[in-house]
Amino acid sequence: MSRWEDELAPVRRALADAARREVDELGEATGRETEALAVRARADATELLDAARADGAAAGHAAAALVAARARREAHRVVLAERERLRVELVDRVVQAAAGLRDGPDYPALVARLEEVCRERLGPMAEVSPAPGGGVVAARGTRRLDLSLPLLAEQAALAVLEEADDPWS
Amino acid sequence: MTAQTARIGFGDVRELRGPLLVVGDVDGVGWDEFATIDLPDGSVRHGLVLEVDGDLAVLQVLEGTDAISPGGVWVRFSGRPLQVRVGPDWYGRVCNGRGEPLDGGPPIAGEPRPVAGWPLNPTRREPPREAVLTGVSVLDTLTTLVRGQKLPIFSVPGMPHLTLATQIAARATTAGEGFRVVFAGMGLTHADIAYVRDRLEERSAAGELVLLLNAADDPVIERVLTPRIALTVAEHLAFERGDDVLVVMSDMTSYAEAVREVAAARREIPARRGYPGYLYSDLAGLYERCGRIQGRPGSVTVVPVLTMPAGDITHPVPDLTGYITEGQVVLAPEVAARGVYPPVDVLSSLSRLMRSGAGPGRTRDDHLPVAAQVLAALARARQAAELGELVGVSALSETDRAYLAFRETVERDLFAQGTDEGRELADSLDRAWAALDVLPRRELTMLPAAMVAEHLGSP
């Protein structure tokens with residue numbers, strides 16, 4: 001062994017020791033990082049799973065709420081439709097009952113009163129003629145007054161129903 | 001039958017122009033008078049008198065003039081302005097923008113009231129007081145809505161404002177009994193209408209909701225009437241029956257566009273961006289109908305939703321609305337981009353009457369200081385974020401990084417919530433405290449030390 005090799009031996013040892021230490025440190029750091037990564041990955045996975053569970057539960061809850069809401073709406077619709085059917089039937093009956101007035105003993109007096117109203121509103125020159133369903137229709141120029149019995153009966157029935165605070169109770 | 005109630009039909013239809021019908025040879029007709037238009041096929045439409053000049057009357061046909069030809073049309077004037085029947089029969093009902101049933105039921109029964117209504121007499125107004133809790137954390141905590149207040153939501157197209165509006169309508173409540181909601185949807189697509197009905201079904205079934213839905217393809221004049229009908233119904237329920245009524249109106253920009261369209265048909269002189277010059281007073285005439293009245297128990301609170309075209313807050317509709325209302329809630333796309341629902345830009349939002357409804361004796365003692373501290377911290381977090389964009393987050397101070405962490409926490413744990421989720425105010429405030437715990441204690445300068453110690457413990 002030459003002299004210079006002897007002299008360099010401590011340097012070599014020092015370098016080799018430093019390299020070993022670095023390898024050890026790198027190994028430890030890698031181990032720590034791997035561990036940390038694994039912990040983070042596990043945490044992420046748990047978080048994702050929890051989020052997915054929560055999303056699934058929320059979606060299920062929303063879907064159930066929607067189905068329940070639609071069922072309630074359908075039930076409400078049935079009730080309202082029945083109320084509307086009864087309302088239409090009531091108005092029809094009032095209109096039919098009004099048509100029956102034509103056969104009554106007071107009908108000529110009623111027509112006379114309606115003709116009077118026509119002349120009051122449209123003037124004495126108004127042409128008054130009997131309406132097909134009873135009552136009268138008057139016209140003068142571009143103006144018209146419809147006092148036919150079906151129309152009057154319908155308007156009266158609708159007004160009563162609309163004014164009532166709760167006609168269904 | 002008397003001579004006064006017999007209604008003459010006028011058949012001299014001179015012109016049909018867009019939604020307008022001009023009829024001649026009339027007398028005794030007044031402005032804003034309601035009219036019935038009998039068509040030759042036996043069907044009936046309705047109209048409002050816009051102008052009277054000599055023996056000519058110009059009517060706006062509510063259902064539009066499609067398929068009407070001048071011959072055989074008879075116009076009967078009612079001798080009164082447009083009225084709507086008001087009363088408890090409205091609860092649980094779904095109607096179109098004119099107040100006609102969409103749910104297959106009979107017409108609404110009750111007492112007639114003019115739709116135009118009147119703003120409250122200022123001398124009889126009672127200042128708004130007591131909170132309306134919406135169940136939405138960010139609103140209840142930082143921009144508390146107060147009974148009798150008008151607080152608009154400013155949004156931009158594409159944002160979930162309808163989701164938020166329906167969430168508020170479905171969840172809002174006050175401390176007392178008798179809280180009711182009137183939801184007026186204007187210019188909604190049919191898909192949106194189905195969505196609104198689904199979202200509000202529970203409250204509707206409970207008989208606490210009135211739903212007025214004007215579709216995008218309905219005649220524009222109907223859209224002009226919708227908020228007026230909603231407010232007329234609400235006024236009766238509030239001031240004559242004593243209920244606390246929340247009126248949610250979405251979307252007021254669509255309403256203003258209908259006003260513009262009608263004004264153009266009437267050949268009125270356009271002002272800013274084609275809207276009529278009276279848009280301000282028109283909007284004020286709606287918004288000022290809310291409030292509380294001395295000696296009466298109920299209240300009308302209004303939450304109008306409006307979309308700002310291209311996000312332009314200087315657009316006439318948000319601009320004029322901002323003059324009249326008492327604050328605003330602003331939805332921001334950049335908040336939505338961070339995945340936060342509801343995407344409220346809290347630093348641009350404000351409830352001017354919050355102090356009348358929140359704090360000791362109203363909500364919770366710590367409410368106002370916590371709100372102030374959260375807002376201050378968010379303002380500082382925004383500065384820190386801007387600085388971080390320039391120099392990198394790692395170059396920020398420890399304190400600035402804490403503020404960024406606070407913003408993330410407060411957005412995730414307090415602001416963000418499910419679209420169907422309703423949160424108690426106490427829960428929201430506790431979440432706010434938990435978020436504030438992220439900050440160093442020395443930064444909590446707006447909170448009394450005792451309050452901090454009570455909620456966060458000793459440092």
Side-chain angles (χ1 to χ4, degrees), chain A residues 54-55 58 61-62 65-88 90-91 110 113-114 116-122 126 135 137-147 151-152 155-156 158-169, chain B residues 1-14 23-28 36 38 55 70 72-76 83-89 91-94 101-112 170 194-195 197-207 418-421:
Chain A
D55 283 354
H61 178 73
L66 193 64
V67 170
R70 290 192 171 152
R72 271 199 303 272
R73 182 188 305 166
E74 181 58 22
H76 191 48
R77 193 194 62 74
V78 170
V79 173
L80 288 173
E82 186 58 17
R83 277 174 52 177
E84 173 64 358
R85 192 189 65 74
L86 288 173
R87 186 188 75 95
V88 170
L90 181 63
V91 173
L110 176 66
R113 173 69 190 130
L114 291 175
E116 199 182 312
V117 170
C118 289
R119 295 213 160 82
E120 259 181 70
R121 297 301 313 274
L122 293 178
V137 177
R140 203 198 72 185
T142 59
R143 300 181 182 189
R144 186 180 79 156
L145 191 55
D146 186 348
L147 299 183
L151 183 73
L152 294 176
Q155 284 176 350
L158 290 176
V160 168
L161 283 171
E162 284 183 355
E163 274 163 21
D165 206 25
D166 182 4
W168 311 103
S169 60
Chain B
M1 168 61 55
T2 67
Q4 281 68 39
T5 53
R7 290 161 60 193
I8 294 172
F10 296 93
D12 186 13
V13 174
R14 305 263 176 94
V23 59
D25 190 27
V26 300
D27 60 18
T36 307
D38 299 313
D55 69 344
V73 174
W74 297 96
V75 181
R76 288 181 286 137
Q83 294 183 327
V84 61
R85 301 271 167 184
V86 294
D89 202 28
Y91 291 138
R93 298 299 302 273
V94 183
L102 282 177
D103 51 15
I108 311 291
E111 300 164 44
Y195 176 74
R197 289 195 67 182
D198 284 342
R199 299 258 300 165
L200 299 180
E201 186 58 44
E202 200 170 330
R203 190 148 224 169
S204 184
T419 55
D420 290 316
E421 184 185 358

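At a threshold of 4.0 Å, the pair B/Asp25-A/Arg140 does not count as salt-bridged, since none of the basic side-chain nitrogens sits closer than that to a carboxylate oxygen. Salt bridge status for A/Arg73 with B/Asp198: present, with a side-chain N to carboxylate O gap under 4.0 Å. By the 4.0 Å N-to-carboxylate-O rule, A/Arg143 lies close enough to B/Asp27 to be salt-bridged with it.
With chain A as the partner, the residue from B/Arg93, B/Arg76, B/Arg197 showing the most heavy-atom pairs under 4.5 Å is B/Arg197.
Using a 4.5 Å cut-off between heavy atoms, B/Val13 makes no contact with chain A at all.
Partners of B/Thr419 according to the side-chain hydrogen bond (donor to acceptor under 3.5 Å, both in side chains) rule, which considers only residues two or more places apart in sequence or in another chain, do not exist here.
The two residues B/Pro106 and A/Leu80 have their closest heavy-atom pair at CD-O, 3.7 Å.
Taking CZ from A/Arg121 and CZ from B/Arg7, the interatomic distance works out to 10.5 Å, rounded to the nearest 0.5 Å. Rounding to the nearest 0.5 Å places OG1 of A/Thr142 at 7.0 Å from CH2 of B/Trp74.
Between A/Glu84 and B/Pro101, every side-chain heavy-atom pair lies at or beyond the 4.5 Å cut-off.
Residue B/Glu202 qualifies as open at atom CD: its count of foreign heavy atoms under 6.0 Å is 12 or below.
When atom types are taken as modelled, the side chain of A/His76 and the backbone of B/Asp103 share no donor-acceptor pair closer than 3.5 angstrom.
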